[in-house]
Asks: 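Following this message is one structure expressed as C-alpha cells.
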Protein chains: 2
Amino acid sequence: MRGTIPTLKGTAMPEPRFRRYSSEVRAAMLVDAGLACLARGGITAFTTDNICREAGASRGLITHHFGSIDGLLAAVYAAAYQPMLDSLAPEGETSPSLMQIIERVFGTYNFTRDSLNVWLALWGEIATNPALQAEHRRHYARYRATVARAIDDLARARGLSVDSQDLAISVIALIDGLWLEQGIDPELLSPTRSIDACRRMLEPIFGPLAGSLAP
Amino acid sequence: MRGTIPTLKGTAMPEPRFRRYSSEVRAAMLVDAGLACLARGGITAFTTDNICREAGASRGLITHHFGSIDGLLAAVYAAAYQPMLDSLAPEGETSPSLMQIIERVFGTYNFTRDSLNVWLALWGEIATNPALQAEHRRHYARYRATVARAIDDLARARGLSVDSQDLAISVIALIDGLWLEQGIDPELLSPTRSIDACRRMLEPIFGPLAGSLAP
DNA sequence: CGTCTTACTATACAACCGTTCAGTAAGGAG
DNA sequence: CTCCTTACTGAACGGTTGTATAGTAAGACG
C-alpha cells in the first residue's frame, strides 16, 4: 500500500513506526537513558522497562545491544567515569595542578545533582557486582595517577618530599568523601565550600595554594 | 490430639511449627537478616523473600512488624549507624580524642567487609529515598558533633584556632572517603594504612598526634 | 523499482517483587 | 485444664523483573 498513493512532500506519507540507528548511536542513547534513570531513582530504578521507556525504545533492545542489563550497567559506569577523568586532564593540555584538579572536580561540569546521584548509586553497586569491579579498577588507576602526578609536581616545586602514591589515595578519599556528603545531603555543602575544605586540608602540607578563583 | 499422648520429656512431643517471639525480638531478627542481605548483595538483594528466608520467617512478617519494606530499611539504617556512633563515644566515658575516633572508626568492630558493603549500599539509597534521609540527618548530626568536639579539644590543647564545625565535615569526608575506597576495592587499603593516611593529613594541621598503636 | 541486511518491535515466559488477608496456633493468663 | 490474645503462616494478588524469540520493517544498495 505504502508508496502507491501520490503524496505531497511531508504530508500524507505514513511516517515510519520507528527509526533505525547505527549500533553505536543506539547504544549511546541507551547509556544516556540509563544515566537518567540512575540519577532519578538510584540503582533500583535501573530496570529494562524504565530505561527503554526513557530511551523511547522497545524492551528487547538492551539485550540486543549489550547482551544483558549488567552489560549496559558496565557501559554506563564507563560513560560516567571517562568524561569526568577527561575533564580533569584534557588531552593536549599540560598535566593539571592539584588545585586545578580540585576545582574541576567540583566544577559545574562534574558536580551536578544528577551526577552525584549517579555516583552514589554506582558506588553502592560495585562492591557486589564483579562486572563493575573490573571497570572501576581501570578508571581508578588513571584517576590516582593524575592526582599523584599533580602531587609530585607540587612537592617538587615546594622542595618537599612526600609519598605521592599514598597521598593520592588520601586526596581522592577527601574529594570523594565530600562528594558523598554532598550527595547524601545537598544542604550541607556547595562547590565553593568543598573547594575551600580541600584547600584547608592541603595548605598545611604544601603551603599556600593559589586557585584560579582566589588568585 | 496434642497432649493426650503421654510423652517422655523431649521425645515424642510434636515440636511447634514455629516459635513466637516478642515484637522487639522478632524485629531485631529481621533487622539482622536485612543487614546480612545488604552485606551480601547490596540494595538489590534487600527483598522480602531474601530477608525472610534469611531470618527463617514467613513472607508476611516484614509488613506485620514494620509496615513495609521501606520501614524495615529505615530500621536497618538506624541499626547500622547507632552502634557505630556508640562505639566511637561510649557512654560514661570522657569524650574521645580525634585519634581515638579515627582508630575506632577503622577498628575491627566497625571496619569489616560486611559493614563496608552495608554502608555502600545504604549511601546509594539515601539520595533517592526520603525515608532514609530523615534517619540520616539525625545520626550525621551526632557524628559531626562528636568529631567537632574532639577537634575543639585538640585545638585548645595546642593553642590553635580552627573552625571545628567546618573541619569536622572535612575529617568525616576523609574518613568516609577511605571507607568508600576500601569498600569498593578491598585490596587498596587496610585499617593500619587508613589510620596512617588520616594522621598524615591531620598532623600538618595539629602537630604530632599520638595514637594508642604508635605511642 | 526490487532485494537484502539487520535494527528493531512486541509478545511470551518464568521468576520474583511487595502487600493483603483469612486462618492458624503458640504460649501466657486465669 | 480452658480461654484469649496476637505473633505468625501461607496462599494469592497484580504488577514488574530480565531474557528469549519470532516476525516486522527501516533504509542502504544496486
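In what follows, every heavy atom counts, from backbone to side chain, and hydrogens, waters and symmetry copies are set aside. In what follows, chains carry the letters A, B, and so on, assigned in the order in which the sequence lines appear, proteins first and then strands, with residues in each chain numbered from 1.
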Asks: Ring-plane angle category for B/H136 and B/Y81, please: parallel below 30°, perpendicular beyond 60°, tilted otherwise.
Replies: tilted
Asks: In whole Å, I'd like the distance from the CG atom of A/L61 to the P atom of D/dA25.
Replies: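 Value for this atom pair: 16 Å.
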Asks: Any salt bridge linking A/E93 with A/R104? Criterion: basic side-chain nitrogen under 4.0 Å from a carboxylate oxygen.
Replies: yes
Asks: Counting only non-hydrogen atoms, which of residues 118-134 of chain A are less than 4.0 Å from DNA chain D?
Replies: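 Of all residues in residues 118-134 of chain A, none places a heavy atom under 4.0 Å from DNA chain D.
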Asks: How many whole angstroms separate atom NE2 of A/H64 from atom P of C/dA7?
Replies: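 Between P of C/dA7 and NE2 of A/H64: 5 Å.
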Asks: Determine whether a donor-acceptor pair (N or O, by modelled atom type, separation under 3.5 Å) exists between the side chain of A/R199 and the backbone of A/L209.
Replies: yes
Asks: Establish, for the pair B/R19 and B/Y21, whether the NZ or CZ atom is under 6.0 angstrom from the six-membered ring centre and no further than 45 degrees off its axis.
Replies: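 Satisfied, under 6.0 Å and within 45°.
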Asks: Distance check needed: C/dA10 P versus A/R53 CZ, whole Å only.
Replies: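 From A/R53 CZ to C/dA10 P: 14 Å.
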Asks: What parts of residues 17-38 of chain A reach DNA chain C, counting only heavy atoms under 4.0 Å away?
Replies: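 Going residue by residue through residues 17-38 of chain A, the ones with a heavy atom under 4.0 Å of DNA chain C turn out to be A/R17, A/F18, A/R19, A/R20, A/Y21, A/R26.
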Asks: Does anything in residues 65-77 of chain B reach DNA chain C, meaning a heavy atom under 4.0 Å, and if so which residues?
Replies: B/S68, B/I69
Asks: Mind checking if A/T47 touches a base, just sugar-phosphate, or nothing, with heavy atoms under 4.0 Å?
Replies: sugar-phosphate
Asks: Side chains of A/Y77 and A/E125, heavy atoms from C-beta outward: is any pair under 4.5 Å?
Replies: no
Asks: Which residues pass the side-chain contact (heavy atoms from CB on, under 4.5 Å) test with A/E187, sequence neighbours left out?
Replies: A/D185, B/R137
Asks: Using the ring of each side chain (for Trp, its six-membered ring), is B/Y140 parallel, tilted or perpendicular to B/Y143, with breaks at 30° and 60°?
Replies: perpendicular
Asks: Measure CD1/A/I43 against P/D/dG18 and give the value in whole Å, please.
Replies: 10 Å
Asks: Tell me which one of B/V31, B/V25, B/D32 satisfies side chain to side chain contact (heavy atoms under 4.5 Å, CB included) with B/M29.
Replies: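 It is B/V25, the one option of B/V31, B/V25, B/D32 that forms the side chain to side chain contact (heavy atoms under 4.5 Å, CB included) with B/M29.
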Asks: Out of the candidates A/V76, A/L72, A/L61, A/L73, only one should pair with A/F66 under the side chain to side chain contact (heavy atoms under 4.5 Å, CB included) rule; please name it.
Replies: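 Going through the options one by one, the only one that passes is A/L72.
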Asks: To the nearest angstrom, how far is A/F46 atom CZ from D/dT16 atom P?
Replies: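 In whole Å, D/dT16 P and A/F46 CZ are 19 Å from each other.
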Asks: Among residues at least two apart in sequence or on other chains, which ones pass ring-ring contact (aromatic ring centres under 6.0 Å, His included) with B/H64?
Replies: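 Scan of B/H64 (ring-ring contact (aromatic ring centres under 6.0 Å, His included), adjacent residues dropped) gives none.
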Asks: side-chain hydrogen bond (donor to acceptor under 3.5 Å, both in side chains) with A/D114: which residues, sequence neighbours excluded?
Replies: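 Checked A/D114 against side-chain hydrogen bond (donor to acceptor under 3.5 Å, both in side chains); zero matches.
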